[in-house]
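Before any comments, here is the structure.
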Amino acid sequence: DQQVKQNSPSLSVQEGRISILNCDYTNSMFDYFLWYKKYPAEGPTFLISISSIKDKNEDGRFTVFLNKSAKHLSLHIVPSQPGDSAVYFCAASKKGGGADGLTFGKGTHLIIQP
Amino acid sequence: KAGVTQTPRYLIKTRGQQVTLSCSPISGHRSVSWYQQTPGQGLQFLFEYFSETQRNKGNFPGRFSGRQFSNSRSEMNVSTLELGDSALYLCASSSTSGMGEQFFGPGTRLTVL
């Protein structure tokens with residue numbers, strides 16, 4: 001049973017436009033959410049996170065939105081740049097960590113078109 | 001600060017053998033987590049060590065084990081390798097146990113023939 005779902009395996013966006021990556025979760029015990037970016041042959045790199053007490057967190061070109069009632073979060077990248085082309089993973093953790101560590105979605109491959 | 005390092009980067013083994021992977025966390029980080037990444041299952045949590053104690057464990061068979069040393073370096077061992085163990089094994093470190101930002105190493109690509 002997948003508790004964190006990224007329903008779009010890939011997304012293609014034109015350079016300069018907004019990229020929106022979506023993530024849904026099913027476990028209401030999750031209360032901390034993170035986005036990671038991964039290039040081939042490298043480990044995931046932490047991008048941005050959000051606690052369940054917030055509905056928005058911004059860091060430069062990256063903004064994460066959390067809708068707790070819908071159990072949905074999204075990552076906005078504005079403007080999109082060629083270096084943003086990578087696989088993006090959504091991850092979630094439960095209060096206190098719990099037995100599961102971070103639970104990851106299967107990733108969305110973002111392709112920025114010049 | 002140096003990042004998380006993992007050795008070896010690539011490994012080829014045959015079924016039935018055992019393997020040990022090593023991870024050195026970011027200096028000052030006491031928590032080390034291990035993940036398995038496969039194309040079909042994505043990133044799955046194996047276990048976490050904090051101050052030499054296993055704190056959390058994912059849903060993997062007992063063939064997968066680990067340990068952490070007093071300098072926070074960690075090793076992961078897989079015994080009686082199966083073909084399905086072929087994967088990228090990622091190590092992540094953080095300053096606290098459990099939730100929070102984790103910093104990943106480049107991974108060890110294990111191929112079981």
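Just so we're on the same page: letters track the sequence lines, and every chain starts at 1. Excluded from the calculations below are hydrogen atoms, water molecules and symmetry mates; all remaining heavy atoms, backbone and side chain alike, are included.
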Handout entry: Neighbour count >12 (heavy atoms, 6.0 Å) for atom NZ, A:K5
Key = no
Handout entry: Residue pair B:Q37 / A:K38, side-chain heavy-atom distance below 4.5 Å
Key = yes
Exercise for the section: May I ask whether B:M76 and B:V32 are part of the same hydrophobic cluster, defined by side-chain heavy atoms of I, L, V, M, F, W, Y residues being less than 4.5 angstrom apart, directly or through others? Expected result: yes
Handout entry: Single-linkage hydrophobic cluster B:L88~A:V87, side-chain heavy atoms < 4.5 angstrom
Key = yes
Exercise for the section: For chain B, find its close neighbours in residues 44-70 of chain A: heavy-atom separation under 4.5 Å, sorted by number, or none. Expected result: A:P44, A:F46, A:S49
Problem - B:L46, part contacting chain A, at a heavy-atom distance under 4.5 Å - result: neither
Problem - Ring center gap for B:F45 and A:F104 short of 6.0 angstrom - result: no
Handout entry: Candidate pair A:E42 and B:F104, rule side chain to side chain contact (heavy atoms under 4.5 Å, CB included), full reasoning
Key = CA-CA 9 Å; A:E42 294 182 14; B:F104 283 82; over 6 Å; no
Handout entry: Short side-chain to backbone donor-acceptor contact, A:Y36 and B:Q102, under 3.5 Å
Key = yes
Handout entry: Shared hydrophobic cluster, A:W35 / A:L11 (ILVMFWY, side-chain heavy atoms < 4.5 Å)
Key = yes
Practice task
Consider only side-chain heavy atoms of I, L, V, M, F, W and Y, link residues closer than 4.5 Å, and tell whether B:L21 and B:F47 are in one cluster.
Solution key: yes
Exercise for the section: Measure B:L43 against the heavy atoms of chain A and call it side chain, backbone, both or neither at under 4.5 Å. Expected result: both
Exercise for the section: Please check if atom CG in B:N71 has more than 12 non-hydrogen atoms from other residues, nucleotides or ligands closer than 6.0 Å. Expected result: yes
Exercise for the section: For B:R15, look at atom CZ and say whether over 12 heavy atoms of other residues, nucleotides or ligands are found less than 6.0 Å away. Expected result: no
Handout entry: same_hphob_cluster(A:L21, A:F33) at 4.5 Å side-chain heavy-atom cutoff
Key = yes
Handout entry: Toward chain A, the part of B:R109 with a non-hydrogen atom under 4.5 Å
Key = neither
